[in-house]
Protein chains: 2
Amino acid sequence: MDTSIRQPTAEHPANVTSHDVARAAGVSQSTVSRVLRGDPRVAAATRERVLAAVDAMGYVPSDVGRSLSTRSTRSIAIVVTDLSNVFYPYLIAPLHQETSAQNYRMVLFTEEVEPLVEGNQSQAPAGEDEISPLLDRLLNRSMDGVILTTSRLDSSVPKVLSRRGMPFVFLTRLVEGVAADSAVVDNSLGASLATSEALRLGHQRFGAIFGPSDTSTGRDRERGTRAALAAAGVELPDRMVRHSPFTYQSGYRAMVDLMAENPRPTVVICANDLVAIGAFNATNTLGLRVPDDVSIVGFDDLPMAAWQVFDLTTVRQPMEEMAKTAVRLLIDRIEGRTESSATRQIVFEPQLVMRGTLAPPPAGGATETARSDPPAQQLTTSP
Amino acid sequence: MDTSIRQPTAEHPANVTSHDVARAAGVSQSTVSRVLRGDPRVAAATRERVLAAVDAMGYVPSDVGRSLSTRSTRSIAIVVTDLSNVFYPYLIAPLHQETSAQNYRMVLFTEEVEPLVEGNQSQAPAGEDEISPLLDRLLNRSMDGVILTTSRLDSSVPKVLSRRGMPFVFLTRLVEGVAADSAVVDNSLGASLATSEALRLGHQRFGAIFGPSDTSTGRDRERGTRAALAAAGVELPDRMVRHSPFTYQSGYRAMVDLMAENPRPTVVICANDLVAIGAFNATNTLGLRVPDDVSIVGFDDLPMAAWQVFDLTTVRQPMEEMAKTAVRLLIDRIEGRTESSATRQIVFEPQLVMRGTLAPPPAGGATETARSDPPAQQLTTSP
DNA sequence: ACAGCTTGTGCATACGTAGTCAAGAGTTCT
DNA sequence: AGAACTCTTGACTACGTATGCACAAGCTGT
């Protein structure tokens with residue numbers, strides 16, 4: 001009959017548990033649990049009484065208690081690198097939408113560039129993994145599964161997750177040599193679509209700002225572009241190529257750099273939209289007009305690609321659909337709806353979105369700066 | 001001596017617990033716990049033995065077990081509305097950085113517009129709160145605290161959190177009538193800075209695209225602009241004012257609409273950068289030049305405001321600092337470092353960032369479309 | 001040599017929920 | 001009327017970690 005056996009920690013006043021509700025309703029804790037889980041084996045009258053007590057006391061079941069008991073946290077980890085990249089919101093929004101719809105929670109993690117700690121316990125026992133802070137947080141059973149969106153090709157994370165039997169899915173980027181479900185666009189095809197269209201419009205002098213070679217997106221888009229050029233017998237000399245991170249700044253700088261080449265390219269294929277927009281702004285600074293002086297092509301089709309001032313020709317990848325697919329693949333696996341052996345690789349079709357930044361090359365193909373030089377200087381175009 | 005009493009659920013193969021480690025190391029579970037928590041009262045030799053077992057078995061402590069025991073989850077909820085708004089990455093990135101640095105986890109939630117469920121249990125017992133799905137997830141003790149970034153002024157969430165004793169902080173936007181820590185910029189001052197500068201440059205015919213009136217940011221920025229204009233005796237007729245959500249699209253549309261007014265404003269004060277960029281793009285479509293034909297001012301100073309093509313004059317709010325401050329305020333409160341009575345309202349200084357979109361009005365003050373009309377038509381400028 | 005202290009360790013329990021098992025009360029069937 | 005059932009409920013335990021308490025062993029000082 002005492003009001004409370006457990007002292008309520010005084011910190012969070014009303015820390016009502018199912019035991020408290022049970023006592024108030026004059027039933028056992030099991031019955032409270034059954035009522036709340038919707039178990040049919042409860043008499044209607046009892047159910048009413050319990051629900052009344054729940055309401056009166058403002059009881060909210062503890063998720064932690066439930067997780068411990070069910071060994072499921074209904075939480076999904078999203079691992080990204082550069083959170084401030086404008087690319088992410090368009091991935092995170094649909095990810096959140098889908099996880100939420102499936103009654104899962106979404107937790108963000110960033111994969112720090114692993115700083116290769118000095119051989120602390122380098123002689124770890126056979127079969128053991130180095131547990132980085134990130135891996136620790138993914139493996140401490142607070143997460144039911146993981147979505148990897150930004151793995152570099154050499155990341156150890158997927159390997160460890162795989163070895164530990166932690167469900168995970170690749171989204172956007174892949175890491176090879178690890179069997180896992182994935183949702184990606186055909187990056188190589190996308191890049192070749194854009195490149196082929198530029199060729200069709202008559203471009204012969206290509207420039208490219210490719211992404212980092214240690215990402216599958218960077219590498220595959222580069223491959224697609226090179227393949228399309230090779231098929232057309234058009235060369236892409238090294239001096240027309242830059243590699244840079246997927247950022248505005250690096251796109252800007254690479255473009256300034258490329259435009260100093262002589263003769264300069266008539267079209268520049270960019271690693272993604274953000275890089276392309278950086279490049280676009282560089283042309284603005286340099287006093288060059290797009291597409292009159294130089295054409296630009298992006299990749300992703302972010303909403304801002306369609307903004308009037310850019311009107312960027314780009315390759316669309318269905319990010320929303322990809323994100324939602326990734327969540328579904330993952331939850332299927334978490335909830336055991338996937339035969340554990342086979343992995344599912346979902347590859348989406350890219351689509352070329354024609355807008356205003358890709359047009360035929362300037363008439364004559366000569367550039368302004370090239371005018372003062374003898375034409376076809378370093379050009380080795382095969383006809 | 002039996003290898004395992006508990007059958008390992010067969011689902012996640014290696015589900016090693018501290019008991020397993022203890023058995024392997026020949027110590028008690030308590031000792032394992034103490035070693036891992038860094039408790040000094042453990043003999044060096046024992047510590048070694050335990051750590052060796054931990055390594056060999058790849059043991060990772062269960063966060064759920066720990067949370068249940070410590071009644072702390074080290075998780076912070078971030079509540080936002082429109083996740084795909086480009087504004088958020090610049091908030092989320094520093095939030096994540098700081099939570100991560102303080103060894104907390106960051107979980108994203110969205111506040112759906114509460115659909116006002118039909119009076120289900122409208123006669124809830126006195127003092128009881130309607131628990132929406134969001135509130136349920138915030139109150140189920142899986143979160144140590146909450147950062148509210150987008151509350152509309154009429155949101156019930158802060159009130160309920162407050163009544164339940166759940167620590168929370170307002171970031172960017174406020175809700176009045178609820179005592180809570182907050183980190184916001186002085187929106188009113190910021191807007192008046194921008195407006196005053198436009199006045200100083202000679203503008204007399206103002207237009208404004210204000211934000212939603214049910215947000216503190218929208219309302220306060222509107223107030224600041226109106227106050228500055230009133231102080232200068234300059235009118236802001238209703239036909240020169242639009243209210244719209246904080247989005248690109250709505251900025252674009254409102255600007256098209258405003259530019260059809262006759263005479264049209266010589267400067268348009270925008271609710272934030274995204275709206276301003278929408279407005280900027282609209283001028284582009286309409287064939288108007290910025291700032292030659294019309295000046296535009298934003299608010300926020302997103303990185304893209306500095307992009308060459310925009311070069312947007314705007315009011316900077318230190319989002320990174322604000323975000324990190326919010327996290328610190330919250331963690332102080334969670335960890336009981338704040339006297340529970342007093343709340344801390346941190347107000348940051350806005351700063352006008354002069355760039356290229358704000359300049360003196362067109363010479364003569366007459367606009368092209370106004371040329372066909374008698375000048376000073378509806379103008380009631382006091383000298 | 002003995003009281004008192006320090007150090008190191010294990011035992012037992014709390015945290016809040018889910019779910020297993022058993023038991024009591026009623027019901028139906030033969 | 002007794003057997004077999006169904007329905008409803010409570011007692012109990014598992015989940016994995018942290019920690020208060022007790023206790024054993026070693027150590028110090030007089």
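So you know, we letter chains A, B, ... as the sequences are listed, proteins then strands, and number each from 1.
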Taking atom [atom2] of [N] as reference, at what distance in whole Å does atom [atom1] of [X] sit?
{"X": "A/Asp63", "N": "C/dG16", "atom1": "CG", "atom2": "C1'", "value": "11 Å"}
{"X": "A/Asn15", "N": "C/dG16", "atom1": "CG", "atom2": "C1'", "value": "10 Å"}
{"X": "B/Arg23", "N": "C/dG10", "atom1": "CZ", "atom2": "P", "value": "14 Å"}
{"X": "B/Asp20", "N": "D/dG16", "atom1": "CG", "atom2": "C1'", "value": "10 Å"}
{"X": "B/Asp39", "N": "D/dT19", "atom1": "CG", "atom2": "C1'", "value": "10 Å"}
{"X": "A/Leu68", "N": "D/dA14", "atom1": "CG", "atom2": "P", "value": "13 Å"}
{"X": "B/His19", "N": "D/dC15", "atom1": "NE2", "atom2": "P", "value": "10 Å"}

Using the test side chain to side chain contact (heavy atoms under 4.5 Å, CB included), find all partners of [X] that sit at least two apart in sequence or belong to another chain.
{"X": "B/Asn140", "answer": "A/Val60, A/Asp63, A/Arg105, B/Asp136, B/Ser142"}
{"X": "B/Thr325", "answer": "B/Ala183, B/Arg328, B/Leu329, B/Ile346, B/Phe348"}
{"X": "A/Asn103", "answer": "A/Arg74, B/Arg137"}
{"X": "A/Leu68", "answer": "B/Val64, B/Leu68"}

- Please identify each residue that fulfils ring-ring contact (aromatic ring centres under 6.0 Å, His included) with B/Phe170, with sequence neighbours left out.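 Partners of B/Phe170 by the ring-ring contact (aromatic ring centres under 6.0 Å, His included) criterion, ordered by chain and then number, come out as B/Phe168.
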- Item | Nearest-nucleotide comparison on DNA chain C, the residue closer to the 5′ end among B/Gln29 and A/Ser18 |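 Here B/Gln29 is the residue nearer the 5' end.
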- Query: With respect to the side chain of B/Thr70, which nucleotide from D/dA18, D/dT17, C/dG16 is positioned closest?
  - Reply: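 Closest of the options to the side chain of B/Thr70: D/dA18.
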- Would you say the base of C/dC15 and the side-chain of B/Ser67 have a donor-acceptor pair closer than 3.5 Å?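 Looking at the base of C/dC15, it does not pair with any donor or acceptor on the side chain of B/Ser67 (distance under 3.5 Å).
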- Query: What pairs of residues pass the salt bridge (Lys or Arg N to Asp or Glu O under 4.0 Å) test when at least one of them lies in residues 28-39 of chain B, not counting sequence neighbours?
  - Reply: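 Only B/Asp39-B/Arg41 qualify under salt bridge (Lys or Arg N to Asp or Glu O under 4.0 Å).
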- Axis bend over the full length of the helix from C/dA1-D/dT30 to C/dT30-D/dA1, computed from five pairs that close each end, to 10 degrees: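 Here the local axes at opposite ends form an angle of 40°.
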Distances under 3.5 Å between nitrogen or oxygen atoms of protein and nucleotides 7-9 of chain D:
residue, atom, partner, partner atom, Å
D/dT9, OP1, A/Thr46, OG1, 2.1
D/dT9, OP2, A/Ala43, N, 2.8
D/dT9, OP2, A/Thr46, OG1, 3.3

- Are B/Ile331 and B/Tyr104 side-chain neighbours, meaning at least one heavy-atom pair lies under 4.5 Å?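 Touching, per the 4.5 Å side-chain cut-off.
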- Query: Using a cut-off of 4.0 Å on non-hydrogen atoms, how would the nucleic acid contact of B/Ser62 be classed: base, sugar-phosphate, or nothing?
  - Reply: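 Sugar-phosphate contact only.
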- Task: State which residues pass side-chain hydrogen bond (donor to acceptor under 3.5 Å, both in side chains) with A/Gln102; sequence neighbours excluded, sorted by chain then number.
- Result: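 In terms of side-chain hydrogen bond (donor to acceptor under 3.5 Å, both in side chains), with neighbours along the sequence ignored, A/Gln102 is linked to A/Glu98.
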